[in-house]
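Contents: one structure, followed by commentary.
Quick caveat: nothing in here was measured; it's all calculated off a predicted structure. By convention in this document, chain letters (A, B, ...) are assigned in the order of the sequence lines, proteins followed by strands, and residues within each chain are numbered from 1. Excluded from the calculations below are hydrogen atoms, water molecules and symmetry mates; all remaining heavy atoms, backbone and side chain alike, are included.
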Number of protein chains: 2
Amino acid sequence: MPEKLTAKGRATRRRIVEGASAVLRERGVATATLDDVMARTRSSKSQLFHYFPGGKDELLLAVARFEADQVLEDQQPYLGSLDSWEAWERWRDVVVERYEAQGDECPLGALFLQVGRSTPGARAIVVEMLNRWQESLAAGIRALRAAGELPPDIDVDTRAAALLAAIQGGVSILLSTGRSTHLRAALDQGIADLRSTGRAPA
Amino acid sequence: MPEKLTAKGRATRRRIVEGASAVLRERGVATATLDDVMARTRSSKSQLFHYFPGGKDELLLAVARFEADQVLEDQQPYLGSLDSWEAWERWRDVVVERYEAQGDECPLGALFLQVGRSTPGARAIVVEMLNRWQESLAAGIRALRAAGELPPDIDVDTRAAALLAAIQGGVSILLSTGRSTHLRAALDQGIADLRSTGRAPA
DNA sequence: CCAGCAATGGACCGACCGGTCCAGTCTAGG
DNA sequence: CCTAGACTGGACCGGTCGGTCCATTGCTGG
């Protein structure tokens, strides 16, 4: 990486990351090559290695960071204000819609498996994203509790963790089967169980 | 594939599949090579292509089949007789233990991403495994219902689907983070919600 | 016992692809 | 301006690895 990036440099780097992200979606992480990225982003080998001296791995890592942010951004503004049952329902719809649209390609999951445990950074990115995600869910549950919709002694963290797991599972099944049934079931059941806790405390 | 396999042939084929499975766990799907498999199984290139004329893809597919069966077998006999709350608890322990032991390598998931949508068979294997798994869960819920532990009008399929998603999500988070917190939370919360349905029908 | 096919060994190939290198162009700052 | 360093183009390299081929051995059924 050069000492300093000019405006032009930043633009190119960005173009490469976004283009690479698209390529990975289309061709799949396993089969995408640097040449594919070059073609897509109208750049040369030397540019790739200019901005990502660590080579392919570093590029994939940058894409992973980009994708992780995307995942959370796509859920806004709903994920940020889960303070009523209606808000939860709207958020659920957005999540289902997002992943149905994405279809059967999970750039982030595949990316992680590719870059894998080899690099320390890959795992950190995913972990941080999951943490942020779960914290948003926890905040939503706390908001409901504050509104008197949930009992004061509800175990917020376990609930949030279970909900996050349910979503992840629904998504991974969607990726495997192409069907969003399980994602829907997981979200509906998760929210329903939360509601019934409000009516009949555990 | 030859017209007919002799006893020796079957043994060799089996040795290759099991060895390949081990290699994939150790080296990771992305980096494992046919030479690794050869070394591990004390076989030659020609043997690999003799038993798997389709090459690497066909071998990976065979391994995937093998792994899928393994996943369900490892949960027996518990998964097969979920007819009391104690049985569910025991099963939960087995699942957590199995995946904690497996650590952060998911041969099946990685396999699917590698062979991917390219081959029609890969998806079918995963789908079939998920179906069998979910059906076992559904049978367990029905058993509880029959025993009067759950209300007669409970939505068995949605419950089973949500539970399966929760497990899958817990596992995939375990793979990403190395921590089994979410898998535990998902299973505990899932079973707890089922129980509370028994006490306070939805 | 002897065809015929399964089973095995291993040399060899060739494409693919990540990575290197250098030569040339643009640009910001003094 | 002019020069240092960012930026770009693209030829080239070399290892890796899936896949092919043929020669040899072993088994099996008629």
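Partners of Asp35(A) according to the side-chain hydrogen bond (donor to acceptor under 3.5 Å, both in side chains) rule, which considers only residues two or more places apart in sequence or in another chain, do not exist here. In this view, Arg65(A) satisfies the side-chain hydrogen bond (donor to acceptor under 3.5 Å, both in side chains) rule with no residue, not counting sequence neighbours. In this structure, the side chain to side chain contact (heavy atoms under 4.5 Å, CB included) partners of Val94(B), at least two apart in sequence or on a different chain, are Tyr78(B). Scanning for side chain to side chain contact (heavy atoms under 4.5 Å, CB included) contacts around Ala162(A) gives Gln189(B), with sequence neighbours left out. In this view, Glu100(B) and Val96(B), Ser180(B), Arg184(B) satisfy the side chain to side chain contact (heavy atoms under 4.5 Å, CB included) rule, not counting sequence neighbours.
Atom CE of Met38(A) and atom P of dC16(C) are 15 Å apart (whole Å). The distance between atom CZ of Arg27(A) and atom C1' of dC16(C), rounded to the nearest whole Å, is 13 Å. dC7(D) atom C1' lies 14 Å from atom CZ of Arg10(A), rounded to whole Å. Taking atom CD of residue Glu58(B) and atom C1' of nucleotide dG18(D), one finds them 14 Å apart after rounding to whole Å. dA7(C) atom C1' lies 16 Å from atom CZ of Arg42(B), rounded to whole Å. The CG-P distance, from Asp35(A) to dG9(D), rounds to 14 Å in whole Å. As rounded to whole Å, 20 Å separates atom P of dC17(D) from atom CZ of Phe52(B). Leu5(B) places its CG atom 10 Å from the P atom of dT8(C), with the value rounded to the nearest Å.
Across the helix from dC1(C)-dG30(D) to dG30(C)-dC1(D), the helix axis at one end is tilted relative to the axis at the other end by 20° (nearest 10 degrees, each axis from five pairs).
A salt bridge links Glu135(A) and Arg142(A); the closest N-O separation between the charged side-chain nitrogens and carboxylate oxygens is under 4.0 Å.
Of the candidates dA6(D), dG18(C), dG18(D), the closest approach to any side-chain atom of His50(A) belongs to dA6(D).
The side-chain hydrogen bond (donor to acceptor under 3.5 Å, both in side chains) analysis of residues 9-25 of chain B, with sequence neighbours excluded, yields the pairs Arg14(B)-Glu18(B), Ser21(B)-Glu67(B), Arg25(B)-Glu67(B). Contacts classified as salt bridge (charged side-chain N to carboxylate O under 4.0 Å, His left out) and involving residues 78-87 of chain B (residues at least two apart or in different chains) are not found.
Put simply, Tyr51(B) has no side-chain N or O that comes within less than 4.0 Å of OP1 or OP2 on dA6(C). Between dT8(C) and Thr12(B), a contact under 4.0 Å exists linking OP1 or OP2 to a side-chain N or O. Residue Gln47(A) places no side-chain N or O under 4.0 Å from the OP1 or OP2 atom of dC7(D).
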Exercise. How does each nucleotide of nucleotides 19-30 of chain D score, in 5' to 3' order, for protein heavy atoms under 4.0 Å: base (B), sugar-phosphate only (S), or none (-)?
Worked result: BBB----SS---
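Among Leu183(B), Ile167(B), Ile191(B), the single residue meeting the side chain to side chain contact (heavy atoms under 4.5 Å, CB included) criterion with Arg92(B) is Ile191(B).
Heavy atoms of Ser44(A) sit under 4.0 angstrom from at least one base atom.
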